[in-house]
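Mind looking over this structure? Questions follow.
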Amino acid sequence: MNQIIVGMGEALWDCLPEGKKIGGAPANFAFHVSQFGFDSRVVSAVGRDADGDEILEVFAGKGLRTQIERVDYPTGRVQVTLDTVGVPCYEIKEGVAWDNIPFTDELKRLALSTRAVCFGSLAQRSVVSRTTINRFLDTMPDHEGQIKIFDINLRQGFYTKEILCDSMRRCNVLKINDEELVTISRMFGYPGIDLQDKCWILLAKYNLKMLILTCGTNGSYVFTPGEVSFQETPRVPVADTVGAGDSFTGAFTASILKGISIPEAHKLAVETSAYVCTQSGAMPELPQVYKERLG
C-alpha cells in the first residue's frame, strides 16, 4: 500500500513579534507527520524570490521533502500578532505564490502514490489552487486505508459555503474547532443544537469515517460512527499556539496509519499539541519520547 503522506496548500512566512518563522498549515502537518517516521511531502508554491529560496532551504534543513513549484508571484507572508494568552491573529497577504499552485504531471504521479492527505479551506480561496487541490484528491486511488483530511481553516472570510460543502464531500475525515463549528452551523442552518449533535449531523450527512472537534482548553473529541473519544486539554505554560492544531492532526494521522486505536491516537495527538504550545513557532522538534510511542 502507498505510504506517502501529503500536506497540501499554503507554505509561507509567519511574521511573529520576535521575527519570521516558516509556517502554513500543510507544511506544519507534513513536518510533524515526518517526525513519526513517515515519508511526508509538502505540496505548495513559492515565488522566485529570497523568501522562496529561504523556505526551501529551511525545509531541506529539517529533512522535509517537498513538491513545491516556483511561480511568478511573491512568496506568501502572514503578519501574526499574539494576544495576552498567546492566541494568534493573522493578516494574510493575497495574490501570492500559494494561491497559484499548478497541477503538474509530477503532482499527478504523487497523487497516485499518496495514502493520506491533509488540506484546508484557506488555500482554496483562489481558483487555481482550489482546482489543483480538487484534482489531486480526485486522482488519489480509492482503497480502504486511504485518508483525506479536511482541516477547516476559516480565516478572514476566505471561504464560501460552496467550497466548504465540496471539500466535506471529498474528505473522509473532518477536523474542526468549536468556533468554526458555530460558524458552519449558522451557514448550514443548524443553530440551537449542541456541539456534539452538530458533529453527529455532519458525520452522517457527509458519510465521514471520523470527525475531530477541538475545543481549546475545554478538550477535544473524535467522533466515529461507532464511538466517541474525549481527551482533556493538558495545562501547560503557553509560548504560542501557532501550529498546535497542525501538530495534533499530524500525530493523530501518523497514529491511525500505524494501526493505533482511536483513543490512543487521540491521546498522543493531544499531548503532542500541548508540547508544541510550550514552544515558539509551528515546527519545534518533538522530544524522542513522543516519537517512540508509535514504535
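Count residues from 1 along the sequence. Both backbone and side-chain heavy atoms feed into the values below; hydrogens, waters and symmetry mates do not.
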Problem - From T183 atom OG1 to E179 atom CD, the distance as rounded to the nearest 0.5 Å - result: 7.5 Å
Exercise for the section: Would you indicate whether the side-chain heavy atoms of N218 and T233 approach each other to under 4.5 Å? Expected result: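 They are not in side-chain contact.
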Practice task
Hey, could you give me the CG/OH distance between L154 and Y159, rounded to the nearest 0.5 Å?
Solution key: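 Nearest 0.5 Å value for the CG-OH distance: 5.0 Å.
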Exercise for the section: Give a yes or no on whether L203 and I212 share a hydrophobic cluster (residues Ile, Leu, Val, Met, Phe, Trp, Tyr; joining criterion: side-chain heavy atoms under 4.5 Å apart). Expected result: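 In one cluster with L203: I212, no.
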Practice task
Check whether any side-chain N or O of K148 sits under 3.5 Å from a backbone N or O of L137 as a donor-acceptor pair, and report yes or no.
Solution key: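 Yes; at least one donor-acceptor contact below 3.5 Å.
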Handout entry: Intermediate values then yes/no, side-chain contact (heavy atoms from CB on, under 4.5 Å), F59 and M283
Key = CA-CA 10 Å; F59 286 161; M283 296 190 197; 3.9 Å; yes
Fill in the blank from the handout: Here the pair of heavy atoms bringing F248 nearest to S220 is CE1-OG, 3.8 Å
Handout entry: Side chain proximity check, Y206 to L211, heavy atoms < 4.5 angstrom
Key = no
Exercise for the section: Look only at the side chain of S167 and the backbone of L164, and say whether a donor-acceptor pair between them is shorter than 3.5 Å. Expected result: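 Not confirmed, S167 side chain does not pair with L164 backbone.
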Exercise for the section: Without swapping roles, check the side chain of T114 against the backbone of I4 for a donor-acceptor pair under 3.5 Å. Expected result: no
Practice task
List the atom of E180, the atom of I152, and the distance in Å for their closest heavy-atom pair.
Solution key: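 Closest approach of E180 to I152, heavy atoms only: OE2-O, 3.1 Å.
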Practice task
Spell out, as yes or no, whether a donor-acceptor pair under 3.5 Å connects the side chain of D99 to the backbone of V96.
Solution key: yes
Practice task
For L286 and Q35, work out which heavy atoms get closest and say how close.
Solution key: N-OE1, 2.8 Å
Handout entry: Value rounded to 0.5 Å, distance of OG1 in T214 from CG in D178
Key =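 One gets 6.5 Å once the value is rounded to the nearest 0.5 Å.
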Exercise for the section: Flag the pair F188 / C165 as yes when at least one side-chain heavy-atom distance between them is below 4.5 Å, and no otherwise. Expected result: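 Sidechains of C165 and F188: in contact.
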Practice task
Hey, could you give me the CG/CG distance between L195 and L213, rounded to the nearest 0.5 Å?
Solution key: 6.0 Å
Problem - Heavy-atom pair with the smallest gap, counting every atom of G120 and F150 - result: C-CE1, 3.5 Å
Practice task
Indicate yes or no: at least one non-hydrogen side-chain atom of I133 is less than 4.5 angstrom from one of R170.
Solution key: no
Problem - Q124 CD to I163 CD1 distance, which is reported to the nearest 0.5 Å - result: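 Going from the CD atom of Q124 to the CD1 atom of I163 covers 6.0 Å.
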Problem - Over 12 foreign heavy atoms within 6.0 Å of CD, Q196 - result: yes
Exercise for the section: Keeping the roles fixed (side chain from N172, backbone from Q146), state whether a donor-acceptor pair exists under 3.5 Å. Expected result: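 Yes, the answer is positive, given that a donor and an acceptor are paired below the 3.5 Å cut-off.
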Exercise for the section: Using atom types as modelled and distance alone, determine if a side-chain donor or acceptor of T253 lies under 3.5 Å from a backbone N or O of G250. Expected result: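 No, the answer is negative, given that no donor and acceptor are paired below the 3.5 Å cut-off.
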Practice task
Check whether more than 12 heavy atoms from other residues, nucleotides or ligands sit under 6.0 Å from atom CD of E162, and answer yes or no.
Solution key: no
Handout entry: Exercise: identify the closest heavy-atom pair between K198 and Y190
Key =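 Between these two residues, the closest heavy atoms are CE-O, 3.2 Å.
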Exercise for the section: Determine the interplanar angle of the Y221 and F230 rings, folded into 0 to 90°, and report it as parallel if under 30°, tilted if 30 to 60°, perpendicular if over 60°. Expected result: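 Rings of Y221 and F230: tilted, 30 to 60°.
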Handout entry: Donor-acceptor under 3.5 Å (T224 side chain, M210 main chain)
Key = no
Exercise for the section: Check whether any side-chain N or O of R115 sits under 3.5 Å from a backbone N or O of Q3 as a donor-acceptor pair, and report yes or no. Expected result: no
Handout entry: Residue from D14, D51, L12 passing side-chain contact (heavy atoms from CB on, under 4.5 Å) with R77
Key = D51
Exercise for the section: Check whether any side-chain heavy atom of L107 lies under 4.5 Å from a side-chain heavy atom of E69, and answer yes or no. Expected result: no
Practice task
Look only at the side chain of T132 and the backbone of I101, and say whether a donor-acceptor pair between them is shorter than 3.5 Å.
Solution key: yes
Practice task
Kindly say whether L181 contributes a backbone atom to a donor-acceptor pair with the side chain of S185 at under 3.5 angstrom?
Solution key: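 Yes; judged by distance alone, with no hydrogens or angles, the pair exists.
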Problem - Whether over 12 other heavy atoms sit under 6.0 Å from E285 CD - result: yes
Problem - Presence of salt bridge, R130 and D166, under 4.0 angstrom - result: no
Exercise for the section: Report yes or no: do V222 and L257 belong to one cluster of Ile/Leu/Val/Met/Phe/Trp/Tyr joined by side chain heavy-atom distances under 4.5 Å? Expected result: yes
Exercise for the section: Could you tell me whether K258 sits above the aromatic face of F38, with NZ or CZ closer than 6.0 angstrom to the six-membered ring centre and within 45 degrees of the axis? Expected result: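 Pair K258/F38 counts as cation-pi.
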Problem - Side chain to side chain, V42 and L64, heavy atoms closer than 4.5 Å - result: yes
Problem - Mutual orientation of the aromatic rings belonging to W200 and F223 [parallel < 30°, tilted 30-60°, perpendicular > 60°] - result: perpendicular
Completion exercise
d(C171 SG, L208 CG) to nearest 0.5 Å is 5.0 Å
Practice task
Take atom CZ of R65 as the centre, draw a 6.0 Å sphere, and report whether it contains more than 12 heavy atoms from other residues, nucleotides or ligands.
Solution key: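 Counting other residues, nucleotides and ligands, CZ of R65 stays at 12 neighbours or fewer.
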Exercise for the section: Taking all heavy atoms of D151 and all of D246, pick out the closest pair and write down the distance. Expected result: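 Scanning both residues completely, I find the closest heavy atoms to be OD2-OD1, 4.0 Å.
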